[in-house]
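In what follows, a single structure is set out as structure tokens and then discussed.
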Amino acid sequence: MSAIPEEKIQETLANPNLQAAIYSSTGRLMSHRKQVVSAATLPDYQELRDQAQALKKQTLDNLDFYLEQFETQVNAHGGKVIWCKEGAEVAEFLARLAREKDAKLLVKVKSMTSEEIELNEHLEREGLEVVETDLGEFIVQLARCRPYHIVAPALHLTRHDVADLFTKTLGVARETVPENQCKIARAVLREKFLSADIGVSGANFLVADSGAIVTVTNEGNGRMCTTMPRIHVAVAGIEKLIPRAQDLAVFLKLLGRSATGQPLTVYTSILSGPRRKGEVDGPEEFYVVLLDNGRTRLLADREKRQSLYCIRCGACLNHCPVYRKIGGHNYPWVYSGPIGSVISPQFRGIQQDPWLPFASSLCGACAEVCPVKIDIPKLLLDLRSEVVKAKTREGQSKLERLAFRGWAWLMRHPRLFQLAGRMGSLVMRSPGKDQWLRRVPFTPNVGPLGAWTSERDLPPMPPKSFRQLWKARKGGSR
Ligand code: SF4
């Protein structure tokens with residue numbers, strides 16, 4: 001069971017450069033998104049969200065059908081589908097394939113699914129060289145850390161950090177101009193593309209009726225990874241399916257806008273099967289690895305199933321006041337932010353990170369911007385309820401239960417409840433000049449009560465209580 005990484009969180013909060021980096025990057029993504037989803041720019045934005053949600057629902061409610069259809073189509077186009085229950089099976093398949101084909105070097109294009117199963121680490125233990133080829137992923141691979149953000153993996157590093165990293169790991173002269181850093185990375189990666197045996201990609205979408213995988217990227221590396229090596233392996237979760245190619249008209253309009261504020265990302269590739277006779281490029285062999293890794297467990301729950309609608313745009317992270325303070329590395333798993341707080345406990349088991357569903361202010365900003373309309377706050381509340389039930393079963397929250405029983409009893413006795421309210425407001429009235437309450441009276445800044453004011457101040461109490469206002473408005477009637 002993981003504990004809240006309090007020390008690490010404090011370090012993040014106390015680091016002004018990091019705070020500025022998180023705040024400005026997410027802020028930029030937010031304002032870009034806002035411009036391209038405005039009613040003036042995209043009048044049917046809300047209808048598109050409804051359609052995207054309906055399409056995801058339809059697909060996941062009939063996933064068995066679409067999975068089989070997808071496999072039939074992949075086979076018909078000369079490819080092969082590999083079914084994997086867990087991450088280790090994906091690594092075993094790739095390691096076996098590499099041995100059979102005498103492959104030593106794999107190039108990769110960003111894939112959160114392979115991050116989720118720590119594919120690189122598994123393959124490196126098998127003696128294979130694995131190279132990330134998105135600039136951000138390349139940087140975090142050199143820094144040996146996990147992505148900080150779903151769409152901006154190196155969001156936490158400044159150009160000066162990158163300059164130091166390149167000098168240390170690549171042995172180049174210190175270069176702080178981003179365009180030149182890009183050139184350095186490109187020179188290293190070009191060699192890798194030319195000599196790689198296997199290209200590994202993720203997939204933003206899997207199209208059931210044509211057996212195609214769709215990748216959406218902003219750098220040319222995606223196409224190099226999937227067409228230059230003689231073998232292409234796409235690794236994707238089973239929830240990435242969509243029924244038809246025409247459904248892309250809905251999802252592509254939403255994905256780029258929600259992720260980076262672009263009407264459309266630069267490269268959209270639709271790939272089905274290996275190179276055909278007469279074609280000038282493309283791989284000789286084409287595999288799609290379909291990964292479960294806990295997804296069917298979510299599928300079995302009709303309410304929580306909607307967590308699988310996620311198209312990994314990252315908009316909920318950018319708009320989350322918690323993510324914007326604590327950043328991506330304080331979440332226990334590769335998926336951070338609101339969607340991470342929802343799917344990590346479900347993929348890994350609620351007992352693994354029981355504190356995670358509570359790491360939210362429930363402000364609802366995530367649900368408001370989610371292009372597939374996942375009700376993240378509702379899911380967080382459901383997960384909280386599960387944690388509390390599990391704790392109660394274990395007998396760990398006797399004090400809490402007692403407090404709630406007392407509270408329920410008080411609420412059933414209106415006069416006593418009223419009296420308690422009056423006493424409470426007297427105690428909470430701050431003697432401070434500005435009337436802000438900086439500490440709950442009679443408590444140290446620790447413990448369940450003190451925690452309320454250890455990180456925040458409470459605004460002044462209103463001069464009149466709700467009861468007094470109600471009485472005045474209704475002339476004393478109940
Ligand atoms: S939950 Fe919604 S907003 Fe968050 S990453 Fe997924 S699709 Fe985007």
Side-chain angles (χ1 to χ4, degrees), residues 25-27 29-34 36-37 42 45-46 48-57 59-60 110-113 115-116 136 147-153 155 202-206 214 216 236-242 247-248 250-262 265 295 298 303-324 327-328 331 333-347 356-357 359-383:
S25 305
T26 50
L29 292 169
M30 279 164 79
S31 72
H32 289 169
R33 174 195 164 274
K34 201 171 165 192
V36 292
V37 301
L42 189 66
Y45 172 58
Q46 294 303 341
L48 283 167
R49 288 179 78 208
D50 289 336
Q51 285 174 21
Q53 186 194 41
L55 283 166
K56 277 287 178 186
K57 181 172 181 340
T59 318
L60 288 165
K110 183 174 181 289
S111 148
M112 287 305 287
T113 312
E115 294 284 351
E116 168 192 324
Y148 209 75
H149 186 283
I150 293 178
V151 296
L155 174 147
N204 292 89
F205 304 101
L206 303 170
V214 181
V216 174
I238 52 174
E239 82 284 11
K240 293 286 171 68
L241 273 159
I242 56 169
D247 300 326
L248 289 169
V250 173
F251 289 108
L252 293 180
K253 266 190 186 167
L254 290 170
L255 181 54
R257 285 181 159 86
S258 305
T260 49
Q262 293 164 279
T265 32
R295 286 158 172 84
L298 262 86
E303 189 59 38
K304 299 207 197 74
R305 184 182 288 181
Q306 59 172 309
S307 323
L308 296 173
Y309 297 178
C310 178
I311 55 171
R312 310 276 189 263
C313 70
C316 57
L317 280 65
N318 304 332
H319 290 76
C320 175
V322 177
Y323 179 90
R324 297 191 80 199
Y331 289 83
W333 203 32
V334 63
Y335 299 111
S336 54
I339 190 60
S341 298
V342 165
I343 58 176
S344 305
Q346 297 187 79
F347 278 22
L356 198 50
S360 165
S361 65
L362 296 181
C363 66
C366 47
E368 237 170 75
V369 297
C370 177
V372 282
K373 298 183 87 169
I374 301 174
D375 193 347
I376 296 176
K378 164 83 172 56
L379 292 169
L380 287 170
L381 285 174
D382 289 348
L383 289 166

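Counting convention: from 1, in listed order, for ligands and their atoms alike. FYI, side chains are in, hydrogens and waters are out, and symmetry mates aren't considered; it's all heavy atoms of this structure.
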- Message: If the contact criterion is a heavy-atom separation under 4.0 Å, does Ser258 count as touching ligand 1?
- Response: no

- Would you mind listing which atoms of ligand 1 come within a distance below 4.0 Å of any non-hydrogen atom of Ile339? 1 (S)

- Query: If you look at every heavy atom in Asn204 and Val216, which pair is closest and at what distance?
  - Reply: OD1-N, 2.8 Å

- Task: Mind listing the closest non-hydrogen atom pair of Val250 and Leu48 along with its distance?
- Result: CG1-O, 3.6 Å

- Message: For Leu317 versus Arg324, what's the shortest heavy-atom pair and its separation?
- Response: O-CG, 4.2 Å

- Test item, Ile374 contacting ligand 1 (heavy atom, 4.0 angstrom): yes

- Donor-acceptor pair, Arg257 side chain versus Val36 backbone, under 3.5 Å? yes

- Message: Among Leu356, Ile374, Leu379, Asp382, which residue satisfies the side chain to side chain contact (heavy atoms under 4.5 Å, CB included) criterion with Val342?
- Response: Leu379

- Query: Is the distance between atom 8 (Fe) of ligand 1 and the nearest N/O/S atom of Cys310 smaller than 2.8 Å?
  - Reply: no

- Query: How far is atom 8 (Fe) of ligand 1 from its nearest protein heavy atom, and which residue and atom name does that atom have?
  - Reply: Cys313 SG, 2.3 Å

- N, O or S atom of Cys316 closer to atom 4 (Fe) of ligand 1 than 2.8 Å: yes

- What's the shortest heavy-atom distance between Gly136 and Pro153, and which atoms? C-CG, 3.9 Å

- for atom 7 (S) of ligand 1, nearest protein heavy atom and its distance come out as Ile311 N, 3.4 Å

- What protein heavy atom sits nearest atom 2 (Fe) of ligand 1, and how far off is it? Cys370 SG, 2.4 Å

- Non-hydrogen atoms of Lys373 and Gln53 that approach each other most closely: O-NE2, 3.2 Å

- Message: Which of the numbered atoms in ligand 1 are under 4.0 angstrom from any heavy atom belonging to Gly314?
- Response: 5 (S), 8 (Fe)

